[in-house]
S.K.: 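My questions all concern the structure below.
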Amino acid sequence: MIKRFIYSQKVAPYVFVLPFILVFTIFWAYPLLDSFEMSFQKVALGQDSNWVGFANYEKLLGDKVFLKALTNSAIYMVLTLVILIPFPMLFAVLINSKLMWGREFFKASFFFPALTSVVVAGTIFRLMFGEMEGSLMNSLLSLFGIDPVKFLKGQVTGFIALLALAAWRWTGVNMLYFLSGLKNISDDYYEAAAIDGASKWQQFTRITVPLLKPTSIYVLTISIYAGLAMFIESMMLWNGNNSPKNIGLTIVGYLYRQGIEKNNLGYAAAVGIVLLAITMIINVTQLSISGMFKKEDQS
Amino acid sequence: MRHEKMTKVGLFFVFAIVCFFILIPFYAIALASFKPGGDLVRYGLNLSFDFSVMSFNNFVYLFTGSHSYFNWFFNSVFLTIVQVVLTLLISATVAYGFAAYNFVGKNFLFVCVLMIMMVPFEILLLPLYKLTNDLGLMNTYSAIVLPGIASAATIFFFRQYISGIPKEIIAAGRVDGASEYGIYVRLIIPVMKPSFAAMAILNGMNSWNNFIWPFMVLSETVKYTLPIGLKTLLTPYGNNYDLLIVGSFFSIVPILILFLAFQKYFIDGMTAGAVKG
């Protein structure tokens with residue numbers, strides 16, 4: 001009887017999706033709700049929690065360190081977008097050209113960095129951007145007669161190191177995304193454009209860029225997400241969560257500092273909720289703007 | 001035609017230069033793994049060749065020294081295998097449920113899958129940490145494996161793939177008297193094989209390189225995974241550069257070999273998300 005019930009066509013789909021329901025409830029929905037609840041409490045691991053109303057959020061508003069973390073994450077996110085969308089797109093178009101030699105070799109070597117873990121990549125970049133005269137970046141600078149720079153002690157130079165790390169790891173991956181987008185564009189468009197006398201540059205701006213829009217939106221969405229949630233890169237470059245004057249502190253870094261290092265889970269949960277709100281607002285705006293453009297294209 | 005040849009050479013040079021810069025860090029760490037750690041502290045990581053200081057000492061130490069490197073290495077291998085096998089099996093099963101049936105609550109549940117993909121996992125770090133603590137799962141591998149076992153991105157990919165399989169296969173199975181589960185196991189899974197390769201690579205890479213969550217959960221040195229172990233070599237009280245550099249270098253090697261052997265699947269797995277558009 002029970003066997004017949006479980007084997008019926010009505011019940012089977014629920015058996016198939018049951019693992020998802022369990023994991024979703026226990027490890028996603030519950031923690032997320034708990035996060036909301038904690039953000040209105042004062043919580044420390046192993047102690048009773050107290051309701052504090054909006055106190056955590058009020059404190060966040062006046063928290064200069066949080067503001068610093070927020071600015072850092074925002075600047076980092078914007079700069080990664082500026083680097084990691086146009087360049088990979090350009091590389092993808094060039095590498096896809098019929099005139100390209102050694103295409104497979106370049107594709108593979110551009111992708112190599114994505115295979116390294118953040119820990120290993122971060123360690124290498126930390127040492128390359130070391131402050132010693134002989135470290136890679138400084139010896140490069142000395143070729144141009146520039147004195148050694150203490151990269152990881154300054155705001156701008158520290159960000160250069162962070163962005164170099166991001167560019168190194170993700171250029172190849174984003175290039176592959178654009179390459180798979182290019183596969184969906186028919187050659188007919190380019191042939192027709194060439195007959196009409198369009199230059200290569202016009203073909204790029206009038207055909208390639210608009211038709212790559214779905215890929216660009218995908219890359220944009222994951223880059224916004226990754227940029228705002230960046231933490232381990234900074235942790236590796238500065239060997240811990242404490243950079244001088246917090247030049248490398250990010251939103252998640254601050255969440256980690258408050259929650260894990262200071263056992264101030266309620267306050268940290270409020271930081272998490274603010275991050276959630278920001279990503280949601282950006283994603284919804286971004287998706288509705290790109291959706292709106294789609295309608296205009298059709299008319 | 002002369003113009004075309006010039007473009008060819010120009011393109012090649014541009015890519016060769018970019019490629020050179022991309023490969024520098026690999027070259028630098030490979031070089032450094034032959035130099036004494038003290039050198040690194042004194043001169044920094046650089047590209048200078050000096051045969052008088054270079055030796056295989058670090059590699060000898062890596063393979064024969066008393067340290068936990070290979071303990072961490074095999075922990076990572078073990079965890080990666082367990083995680084990939086479980087995630088693929090469970091995500092594929094869930095995806096089949098979504099793709100092959102219509103049932104009450106299906107749309108709602110699928111929105112839940114999409115929601116997981118849209119919320120940064122980092123927000124859940126603290127409540128998950130608290131939950132793990134409450135469940136008594138601190139310092140266990142279960143705490144690392146369980147939350148990711150029904151991976152949203154993997155479910156999404158498999159669902160797309162199964163939707164492309166002709167529904168007649170399922171109908172034919174029913175006519176032949178196979179049970180609902182028999183159809184999935186005997187008829188669908190064999191057809192899904194190609195999609196498993198790409199997802200195995202994607203999940204395997206994520207698992208092999210996974211850092212922050214295992215770092216928060218694991219507290220015993222013998223249980224560390226490779227990234228955590230390597231991270232602990234960087235301490236505020238002086239760094240163990242000898243092992244760190246050669247160990248970092250060596251950790252890249254297996255994945256590089258896998259990549260060269262299965263390049264197509266790596267690229268399919270990594271770009272699986274974008275193709276769905």
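Below, read A as the first sequence line, B as the second, and so on, with proteins coming before strands; counting in each chain starts at 1.
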S.K.: With rounding to the nearest 0.5 angstrom, report the CD1 to CE distance, I29(B) to M128(A).
M.R.: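 Separation between the atoms: 10.0 Å.
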S.K.: Using heavy-atom distances under 4.5 Å, tell me whether F249(B) contacts chain A through its side chain, its backbone, both, or neither.
M.R.: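 Interface part for F249(B): neither.
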S.K.: Can you tell which part of T123(A) gets under 4.5 Å to a heavy atom of chain B, answering side chain, backbone, both or neither?
M.R.: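 Contact with chain B involves the side chain of T123(A) alone.
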S.K.: Run the ring-ring contact (aromatic ring centres under 6.0 Å, His included) test against F158(B) and tell me which residues pass, sequence neighbours left out.
M.R.: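 F158(B) satisfies ring-ring contact (aromatic ring centres under 6.0 Å, His included) with F196(B) once adjacent residues are dropped.
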S.K.: How far does CD1 of I232(A) sit from NZ of K231(B), to the nearest 0.5 angstrom?
M.R.: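 With rounding to 0.5 Å, CD1 (I232(A)) is 10.5 Å from NZ (K231(B)).
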S.K.: I need the residue from N283(A), V43(A), V118(A), V15(A) with the largest number of non-hydrogen atom pairs under 4.5 Å to chain B.
M.R.: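 Maximum pair count with chain B is reached by V15(A).
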S.K.: Taking the inter-plane angle between the rings of Y7(A) and Y181(B) on a 0 to 90° scale, is it parallel (under 30°), tilted (30 to 60°) or perpendicular (over 60°)?
M.R.: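 Y7(A) and Y181(B): perpendicular rings.
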S.K.: Side chain from CB out, backbone as N, CA, C, O: work out which of these in S109(A) comes under 4.5 Å of a heavy atom of chain B, or both, or neither.
M.R.: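 Interface part for S109(A): both.
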S.K.: At a 4.5 Å cut-off on heavy atoms, which part of L260(B) comes close to chain A: side chain, backbone, both, or neither?
M.R.: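 The side chain, not the backbone.
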S.K.: Which atoms of I212(B) come close to chain A, meaning under 4.5 Å heavy atom to heavy atom: side chain ones, backbone ones, both, or neither?
M.R.: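 Both backbone and side chain.
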S.K.: Please confirm whether F98(B) and F16(A) have ring centers closer than 6.0 angstrom.
M.R.: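 No; F16(A) has its ring centre 6.0 Å or more from that of F98(B).
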S.K.: Using 0.5 Å steps for rounding, measure from the CG atom of D34(A) to the CG atom of L126(B).
M.R.: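 Rounded to the nearest 0.5 Å, the CG-CG separation comes out at 10.0 Å.
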S.K.: Can you tell me if CD on Q263(B) sees more than 12 non-hydrogen neighbours from other groups inside 6.0 Å?
M.R.: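 Enclosed.
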S.K.: Looking at G181(A), A229(A), G240(A), G259(A), which makes the most heavy-atom pairs under 4.5 Å with chain B?
M.R.: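 Top option by heavy-atom pairs under 4.5 Å: A229(A).
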S.K.: Does Y30(A) reach the main-chain N or O of L128(B) with its side chain, forming a donor-acceptor pair under 3.5 Å?
M.R.: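 No.
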S.K.: Does any backbone or side-chain atom of I228(B) lie under 4.5 Å from a heavy atom of chain A? Answer side chain, backbone, both or neither.
M.R.: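 Looking at I228(B), nothing touches chain A.
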S.K.: Given a strict heavy-atom distance threshold of 4.5 Å, which part of M115(B) is in contact with chain A: side chain, backbone, both, or neither?
M.R.: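 Interface part for M115(B): both.
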S.K.: Please look at M205(B) and chain A and tell me whether the side chain, the backbone, both or neither of the residue comes under 4.5 angstrom of a heavy atom of that chain.
M.R.: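 For M205(B), side-chain heavy atoms alone lie under 4.5 Å from chain A.
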S.K.: Which atoms of L22(A) come close to chain B, meaning under 4.5 Å heavy atom to heavy atom: side chain ones, backbone ones, both, or neither?
M.R.: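 Neither part.
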S.K.: Quick one: OG on S117(A) to CD1 on I252(B), what's the gap to the nearest 0.5 Å?
M.R.: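 That separation rounds to 8.0 Å.
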S.K.: Would you say the ring centers of F12(B) and F106(A) fall short of 6.0 Å from each other?
M.R.: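 When the ring centroids of F12(B) and F106(A) are compared, they turn out to be within the sub-6.0 Å range.
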S.K.: Taking side chain as everything from C-beta outward and backbone as N, CA, C, O, which of these in E122(B) sits under 4.5 Å from a heavy atom of chain A? Side chain, backbone, both or neither.
M.R.: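 Both backbone and side chain.
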S.K.: Is L18(A) in contact with chain B via its backbone, its side chain, both, or neither, using a 4.5 Å heavy-atom distance?
M.R.: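 No part of it gets close to chain B.
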S.K.: Which class fits the ring pair F259(B) and F112(A): parallel under 30°, tilted 30 to 60°, perpendicular over 60°?
M.R.: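 Because their plane-to-plane angle is over 60°, the rings of F259(B) and F112(A) count as perpendicular.
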S.K.: Between atom OH of Y27(B) and atom CG of L136(A), what is the distance when rounded to the nearest 0.5 Å?
M.R.: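 Here the rounded value is 11.0 Å.
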S.K.: Sequence neighbours left out, what passes side chain to side chain donor-acceptor pair (under 3.5 Å) with K35(B)? Give chain and number order.
M.R.: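 With neighbours one apart ignored, the set is N46(B).
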S.K.: Between S139(A), A108(A), G130(A), who has the most heavy-atom pairs with chain B when the cutoff is under 4.5 Å?
M.R.: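 So the answer, after comparing S139(A), A108(A), G130(A), is A108(A).
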S.K.: Check each atom of A269(A) against the heavy atoms of chain B and say whether the ones under 4.5 Å are side chain, backbone, both or neither.
M.R.: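 The backbone, not the side chain.
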S.K.: Please round to the nearest 0.5 Å and tell me the distance separating atom CG of L256(B) and atom CG of L115(A).
M.R.: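 Between atom CG of L256(B) and atom CG of L115(A) there are 6.5 Å.
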S.K.: For a side chain to side chain contact (heavy atoms under 4.5 Å, CB included) with V17(A), tell me which candidate from V113(B), T93(B), L109(B) qualifies.
M.R.: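 Result for side chain to side chain contact (heavy atoms under 4.5 Å, CB included) with V17(A): L109(B).
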S.K.: Shorter than 4.5 Å, heavy atoms on both sides: which option in A268(A), A167(A), S135(A) has the most such pairs with chain B?
M.R.: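 Winner by heavy-atom pair count: S135(A).
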S.K.: Do the side chains of E180(B) and V11(A) get nearer than 4.5 Å, heavy atoms only?
M.R.: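 When only atoms from C-beta onward are counted, E180(B) and V11(A) do not touch, as no gap falls below 4.5 Å.
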S.K.: Can you say whether I24(B) sits under 4.5 Å from chain A via the side chain, the backbone, both, or neither, judging by heavy atoms?
M.R.: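 Looking at I24(B), just its side chain touches chain A.
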S.K.: Which answer fits L131(B), side chain, backbone, both or neither, if we ask what part of it has an atom under 4.5 Å from a heavy atom of chain A?
M.R.: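 L131(B) touches chain A through side-chain heavy atoms alone.
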S.K.: Y14(A) side chain to V104(B) main-chain N or O, any donor-acceptor pair under 3.5 Å?
M.R.: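 A pair under 3.5 Å: yes.
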S.K.: Quick one: what part of W28(A) sits under 4.5 Å from any heavy atom of chain B, side chain, backbone, both or neither?
M.R.: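 Both parts, heavy atoms under 4.5 Å.
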